[in-house]
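Here is the structure we will look at.
Computed from a predicted model, the values in this text were never measured in an experiment. First the proteins, then the strands, lettered A, B, ... as listed; each starts at 1.
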There are 2 protein chains.
Amino acid sequence: MGAQQRPTIKTVAARAGVGRTTVSRVINGSTLVSDEARAAVLAAIAELNYVPNSVARGLVTRRTNSVALVIPESESRLGSEPYFSAVIRGVSTVLTATRTQLQLVLVRDRGERDQLTDSVAERRVDGVLLVSVHEDDPLPGILENLGLPTVLAGRRSPSESLSHACSDNLGGGKEAGRHLISRGRRRIATITGPLDMDVSRSRLQGWRDALGEADIAPDGRLIATADFTEEGGMLAMRSLLERAPDLDAVFAASDVMAAGAMLELRRQGRRVPEDVAVVGFDDSYIARYAHPSMTSVRQPVEEIGSTIARLLLGEIADPGAARQHVMLPTELVVRDSS
Amino acid sequence: MGAQQRPTIKTVAARAGVGRTTVSRVINGSTLVSDEARAAVLAAIAELNYVPNSVARGLVTRRTNSVALVIPESESRLGSEPYFSAVIRGVSTVLTATRTQLQLVLVRDRGERDQLTDSVAERRVDGVLLVSVHEDDPLPGILENLGLPTVLAGRRSPSESLSHACSDNLGGGKEAGRHLISRGRRRIATITGPLDMDVSRSRLQGWRDALGEADIAPDGRLIATADFTEEGGMLAMRSLLERAPDLDAVFAASDVMAAGAMLELRRQGRRVPEDVAVVGFDDSYIARYAHPSMTSVRQPVEEIGSTIARLLLGEIADPGAARQHVMLPTELVVRDSS
DNA sequence: ACCTCGCTTGGGAACGTTCCCATTCTCTGC
DNA sequence: GCAGAGAATGGGAACGTTCCCAAGCGAGGT
């Protein structure tokens, strides 16, 4: 039972006493069908428990009603990095509403990336969402050449040509800097992400702008680069303390790195926030669970997810349409670490 | 450019000077092809940059090389619940290695679930992975009736008939109980998950067993049920403290609930671990980030993910094979909260 | 020298849809 | 009463692959 031959559009047509085409028209909501024919078809569909075969449909329509969401797993582990989970959630919300399937692709290394482009070339998806792209990432270019609609979460540079949604990283960094200054701090360090990513550069620039506004002279010893991991944040903090032992605040470009920094601060006997104030970025649960709870720049990650999904669906529906760039606001959430 | 007509198997055949079938044979690795024909075909494929159309292939083979991973989003938000991220990671690892696509389905409510069964009926996937099933969940039965290979992470009951992988929840609960007893605690409470889930019942039973071993009389006032959320853990803790103010330890069936419990304990002025020892379950980053850091029962979540993926691929390859049940060991990780 | 067997090969059919087009039927207007 | 328009309908072809089967072609055995 259960596994017997499933009905096709022909079976339905026979049962309803009409032709294949009429059934197809009913399924696809064409108006050029008489009421009685439509009723007969709908009855037959219900009786036979018929569901159209989406693969056969895809062969002729050249549409799969599914999009890929590509997440680079190498650099920031899904799970320890709540950012990705939130993006997935936002994307999924929009896709489910439009009955589009979500193909999740975790890319760990180069080999897997090549597989990905194959899979995309196999026309298994109508479009691609890319998260966390580096400036020199070849993937967006490849996809563009394949003529496949592509939308980014984040951007490769401020002049990004592909459609994308990102948060106001410059503004967020500036807000973090201003906040620390307003708390009376003057030796304010920063831990940035990889500098080949626009997120990192923008947040760094925001921090610089805030310091500039307050006429605090730039000091290279107060800048350390890490890789968005806790371990990296720890090491960066250590290096900062060596080069600038008198620092009294640090702005990290992610909560995870800020958590690593706080670990190192405690290890070296510096109190947070009394000796060193800390501000993170993301406002994930890590900020809430941290001890002391962490001040952090909130970015609307789930909304980024839903936005890129919406942009992609638009681009699939109308490939000729103009590319769109969306920037979402950030917001400082003040807690005990600053 | 880029979007011009993509080559088909016919184009390749013409270019290589052979028939369609020979090209197909080369692609699918048949040995019944002469070396020179194979060489010609491979050359043509390379020159034309040909990639087989997987949709057309799927139409005749009735295989899509993609499986669905279904995650109920309602009860435990992806992201705040690291369990799901880890499962996804494990699943993805195995699938990528076998070039199988992963369709991620977040199910929020009944309506979305119905869509899911439709989508499954449309034959878009070769099999389904279900996470976090409740005892009376209709989905496994529906899928079984559709004749679609189905594998569960976790089980509906100890006599689960479908293939599944789960961790040794009974053993884990027992270990947690024994540990607290070994710390000299005697009034040991527990916060369980929903009792219509086997995970919850098994962990509870393990806790009971441990208490029984130590000849501690059961006491209903020491049991509270929550829903695997932080909020729920908080409320459960409050209720426990009301009913049994003399409790000196609590075992929560998840880290998230344990975190909620710790919050409530602190609010009521009980020190952890001096007044009340706390043990969680999962050993997620929440346990590490908690303050004090949390003792927790580690379960190999990523391995559960890779196991169910492997089981599903096996079942797809050989639908007649016997169902398999895998139980993975847990391990107590002792930290400062106990 | 002929038959047979095994290795290669390629054409036809099928998978289940949608789209194009021709056909039938009905109704309107003169 | 008849031409023409427009609505409704259904058959054929196509989408790009795989599978079935028939056929070509040497070689080896009798």
Side-chain angles (χ1 to χ4, degrees), chain A residues 3-42 44-45 48-66 99 118-119 121-126, chain B residues 3-42 44-45 48-66 99 118-119 121-126:
Chain A
Q4 69 265 43
Q5 213 58 292
R6 305 189 56 241
T8 75
I9 203 171
K10 259 183 180 161
T11 330
V12 176
R15 175 76 153 241
V18 300
R20 280 194 334 277
T21 315
T22 301
V23 177
S24 175
R25 271 191 273 259
V26 170
I27 294 170
N28 294 292
S30 161
T31 52
L32 296 165
V33 180
S34 67
D35 290 346
E36 70 186 313
R38 167 170 294 112
V41 169
L42 289 176
I45 287 178
L48 294 169
N49 214 348
Y50 166 77
V51 182
N53 180 320
S54 64
V55 175
R57 173 181 290 169
L59 182 56
V60 41
T61 60
R62 290 140 178 292
R63 282 286 215 85
T64 60
N65 290 316
S66 103
R99 313 212 47 153
D118 270 13
S119 142
E122 280 175 350
R123 293 293 172 197
R124 310 186 63 140
V125 292
D126 297 334
Chain B
Q4 68 266 41
Q5 215 58 291
R6 304 189 56 240
T8 75
I9 204 172
K10 259 182 178 161
T11 330
V12 175
R15 175 76 153 242
V18 299
R20 281 194 332 279
T21 316
T22 302
V23 177
S24 175
R25 272 190 273 260
V26 170
I27 294 170
N28 294 292
S30 162
T31 52
L32 297 166
V33 180
S34 68
D35 290 345
E36 71 187 310
R38 168 171 292 114
V41 169
L42 289 176
I45 287 178
L48 294 169
N49 213 349
Y50 166 77
V51 183
N53 179 321
S54 64
V55 175
R57 175 181 290 168
L59 183 55
V60 40
T61 60
R62 288 139 181 292
R63 281 288 214 82
T64 60
N65 290 316
S66 101
R99 312 212 46 153
D118 270 13
S119 143
E122 281 175 350
R123 293 294 171 196
R124 311 187 63 140
V125 293
D126 298 334

query: S66(B): what forms a side-chain hydrogen bond (donor to acceptor under 3.5 Å, both in side chains) with it, not counting sequence neighbours?
result: none
- request: Would you mind classifying the nucleic acid contact of V55(A) as base, sugar-phosphate or nothing, using non-hydrogen atoms under 4.0 angstrom?
  value: nothing
- request: Determine the contact category for T8(A): base if any of its heavy atoms lies under 4.0 Å from a base atom, sugar-phosphate if only primed atoms, P, OP1 or OP2 are that close, otherwise nothing.
  value: sugar-phosphate
query: Does anyone know the first and last nucleotide of DNA chain D in reach of chain A, 5' to 3', at under 4.0 angstrom to a heavy atom?
result: dA8(D) to dG16(D)
task: Would you sketch DNA chain C in dot-bracket for me? Only Watson-Crick or G-U wobble pairs with both distances under 3.5 Å count, crossing pairs as [ ], other-strand pairs as |, the rest as dots.
output: ||||||||||||||||||||||||||||||
message: Working to the nearest 0.5 angstrom, can you tell me the gap between T8(A) OG1 and L48(A) CG?
response: 9.5 Å
- request: On DNA chain C, check which nucleotide each of A56(B) and R25(B) is closest to and give me the residue with the more 5' one.
  value: R25(B)
- prompt: Which heavy-atom pair separates V33(B) from S30(B) by the least distance, and what is that distance?
  reply: CG2-O, 4.0 Å
field: Short side-chain N/O contact to dT9(C) OP1/OP2 from S34(B), under 4.0 Å
entry: yes
query: Looking for any heavy atom pair under 4.0 Å, which part of the strands does A37(B) touch: base, sugar-phosphate only, or nothing?
result: sugar-phosphate
query: What closest approach, in Å, do V51(B) and R6(B) show between heavy atoms, and which atom pair accounts for it?
result: CB-NH2, 3.7 Å
- prompt: Taking the nucleotide of DNA chain D with the closest heavy atom to each, which residue, I27(B) or L59(A), is nearer the 5' end?
  reply: L59(A)
task: Without swapping roles, check the side chain of R124(B) against the backbone of T64(A) for a donor-acceptor pair under 3.5 Å.
output: yes
Identify each donor-acceptor pair in which a side-chain atom of residues 52-59 of chain B lies under 3.5 Å from a protein atom, sequence neighbours left out, and give them as a table.
unit_1: N53(B); atom_1: OD1; unit_2: V55(B); atom_2: N; d: 2.7
unit_1: N53(B); atom_1: OD1; unit_2: A56(B); atom_2: N; d: 3.0
unit_1: S54(B); atom_1: OG; unit_2: E122(A); atom_2: O; d: 3.4

task: Return the set of residues passing side-chain hydrogen bond (donor to acceptor under 3.5 Å, both in side chains) with N65(A) (not counting sequence neighbours), or none when no residue passes.
output: none
- prompt: R38(B) CZ to dG10(C) P: how many Å, rounded?
  reply: 14 Å
- request: Report which part of the nucleic acid R62(B) touches: base, sugar-phosphate, or nothing (heavy-atom distance under 4.0 Å, all strands).
  value: sugar-phosphate
All N/O donor-acceptor pairs, side-chain side in residues 12-27 of chain B, below 3.5 Å, sequence neighbours left out:
unit_1: R15(B); atom_1: NE; unit_2: E47(B); atom_2: OE1; d: 2.7
unit_1: R15(B); atom_1: NH2; unit_2: E47(B); atom_2: OE1; d: 2.5
unit_1: S24(B); atom_1: OG; unit_2: N28(B); atom_2: ND2; d: 3.4

- request: Using a 4.5 Å cut-off on heavy atoms from C-beta on, say whether the side chain of V41(B) contacts that of R38(B).
  value: no
